[in-house]
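So the structure is just underneath, and the comments pick up after that.
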Amino acid sequence: MRDSEIVDLFLRRDEEALRVVSDQYGTRLNHISFRITQDEQTAEECVNDTYLEAWNRIPPSEPREYLLAFLSKIIRAKSLNRCIYEHRCKRHAYVEELSSELEQCIPSKISVEEEIEGKAFAEVVSRFLLAQPDEKRRVFVRRYFYMENTSVIAAAYGFSDNKVRTMLSRMRKELKSFLEKEDFL
Amino acid sequence: MNGKDMLEMMSELDEKVVADAAVTPIRKTREKWKIVLGAVAAALIVGILGYTIYPYVRGKITGKYKQDLKSGTLMASPRYPEMPENPELTRGYDKEKSQEYLQAVMALRKQPEGYQDGYDAYLKDVLGVIFSDTGNGNKAFSPLCLYMALGMTAEITDGTTQQQILDVLHQPDIATLRERAKSIWLANYMDDGLSKLVLANSLWMNTGRNYEQSVLETLANNYFASSYSGDPSSEKYSQKLREWINEQTDGLLENMLSDLNLDPDLMIALVSTVNYCGKWADPFLKSETKDGTFHAPSGDVNCKYMCTETGHENFYGDHFECVSLPIINNGSVRFILPEEGMTPEELLMDEELLQFLNTESYKWDKTIEAASVHMEVPKFDISSDIKLNDYLKALGIEDLFEAGDADFSPLVGKSDENFYVNSIEQNTRIMIDEEGCKAVSATILLAGAGQTREHFEFILDRPFVFEIVSDTGLPLFVGVVNDPTKS
């Protein structure tokens, strides 16, 4: 079923929407969550929580074009939340590793204590990413949004693992300098 | 704001950016393929290759090793490189430890240019004969295990016996082979607590005979081989051999080798093992595993299929399609499905496939990119026991098996006795499940252009070929699965 038709089911408050979403995207959502939590039960709970949140957010949201991305964002946030705040994550070291990499992008004038509005920050990062060539953008998003291992990304794009690491390292530097110029605070 | 905050904020990225990255690139569009991949979650492969050399004319020879310890004496032992623990195993991220780990791995990977030269030609030759008579059964083989065993055999032989081995290995001389074998060993070594690829070699000698200690040292320094001396008529010595093999193969071949006993007349037994173990970089979920039908040559069978919908590296050739699944820091497993109507045996004779097996994934340009991927892989645990004598003879190694022709003088000096290799055998076991892949292989010689596709389905529900490749791109194991329900 097309995404727009599924969204119509949500808008009509037809519970069939949940069954279709589960059939169509359940496995992928499960994988996103499992990649972060490394726990099948937790991943399953996150998937169910995601369906519930989607039910509550559509309407007013109407993600007709990017339903999977809409769901992916929800499940990523929920899974990471479980990982960081509820310690339900066996991949604590992996989260720390990704955090450490992303820390290299934070402009030096932003202190650790400073609170940044997440949505505004993400908008700037999205703008930076949309200006990148397709391949570079996808590699970055797979690493820091989908939290994929570099060897998986390398396999998906036919690169060596080293090439992916180098590409990411350069992009982190570019993002840092972009954020410094943008002055989004 | 810190890195963790930033990681969390990435959940708010633009949906277009998020959706776009979920697309797996495709460079090929063809008719929809159905390939079901069985579950592969973690991999462990152990290979053992061994043989014993017998004297043709049997007589008592006194030697310098008089200890005659029933359980054997260690005569030479190798020093393995230091390998730090994988940082993923420790709770909390330690940047310093991570860098130390990466540096240690990179130092081992960095070997002289051309150290793999000859391996591709050797692989092509050896696969051509080994898989020429697979029939309807499963077969798994470790070319690397055989390579190391033949390399060591070349060190303890001379004349045409040695030359025939060098020719099969496509090496110009023994010194070059020695350097390359050592580099292959080092470049592929991995034992970090999470993944494993260890090539272990050993020689088992008869205390009643003389051996050249310098040769044992050469084998220890270049092939990381341990040498033992003991009384082969003693059950304790045979038990020590079995224990050594079990230790190197994590006990995975215990049943296959339980009746392995040394012959009292043996001159030497050589054992080579490859132990490979790893976890999928993107594991299968047990909750997604389902029952399904596999179309085996002998009839349909029911088996468990592991499923995933994550994008991976997909390839094709004129007669096959392949999905490669990466293993964390330890190479990848490639599942290769022959085109409809072609058997794995026939496919393994195909020039393009042999070239593919020898090519690192990122260098192969016939890739399939898809917006979405669905894979189904049968879970399997297969064992294989291959007698290699005839295959090696077909490749040109003949003197080794003929008393009077075989020349073992570098190891035993000039002797009136005529030594020969009785048999060479390789036992292999490969297990694949949701977490990863485990494989054990033992060889024992008793001497005696791209297009885009919206959706790509890869369903391994009929006989297929698989290959396990190391992080350096070296083919470690190649196998054929005709029936995943048979061990």
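Numbered from 1 within each chain, the chains take letters A, B, ... in sequence-line order.
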>> Quick check on the interface: out of B:Val17, B:Asp471, B:Leu13, who has the most heavy-atom pairs with chain A under 4.5 Å?
In response: B:Leu13
> Would you say A:Arg82 and A:Asp39 make side-chain contact, with heavy atoms under 4.5 Å?
Replying inline: no
> What pair of heavy atoms forms the shortest contact from A:Ser33 to A:Cys46, and how long is it?
Replying inline: OG-CB, 3.4 Å
> Do you know which of B:Phe466, B:Phe356, B:Phe315, B:Phe335 makes ring-ring contact (aromatic ring centres under 6.0 Å, His included) with B:Phe320?
Replying inline: B:Phe356
> Relative to chain B, which of A:Ala154, A:Ala122, A:Ser126 shows the most heavy atom pairs under 4.5 Å?
Replying inline: A:Ser126
> Considering only heavy atoms, which portion of A:Arg137 lies under 4.5 Å from any heavy atom of chain B: side chain, backbone, both, or neither?
Replying inline: side chain
>> If you apply the rule salt bridge (charged side-chain N to carboxylate O under 4.0 Å, His left out), what do you find for A:Glu97 with A:Arg143, and how did you get there?
In response: CA-CA 11 Å; A:Glu97 183 186 333; A:Arg143 176 69 172 162; 3.3 Å; yes
> Side chain, backbone, both or neither: which part of A:Leu68 has an atom under 4.5 Å from a heavy atom of chain B?
Replying inline: neither
> If you take all heavy atoms of A:Val7 and A:Pro63, which pair is closest and at what distance?
Replying inline: CG2-O, 3.7 Å
> Which answer fits B:Glu288, side chain, backbone, both or neither, if we ask what part of it has an atom under 4.5 Å from a heavy atom of chain A?
Replying inline: side chain
> With chain B, which of A:Thr27, A:Leu80, A:Val141 has the greatest number of heavy-atom pairs at distances under 4.5 Å?
Replying inline: A:Thr27
>> If I measure from the heavy atoms of chain B, does A:Tyr146 come under 4.5 Å with its side chain, its backbone, both, or neither?
In response: side chain
>> Quick check on the interface: out of A:Lys73, A:Glu123, A:Lys119, who has the most heavy-atom pairs with chain B under 4.5 Å?
In response: A:Lys73
>> Looking at B:Asp14 and A:Arg127, is there a salt bridge between them, counting it only when a charged N and a carboxylate O are closer than 4.0 Å?
In response: no
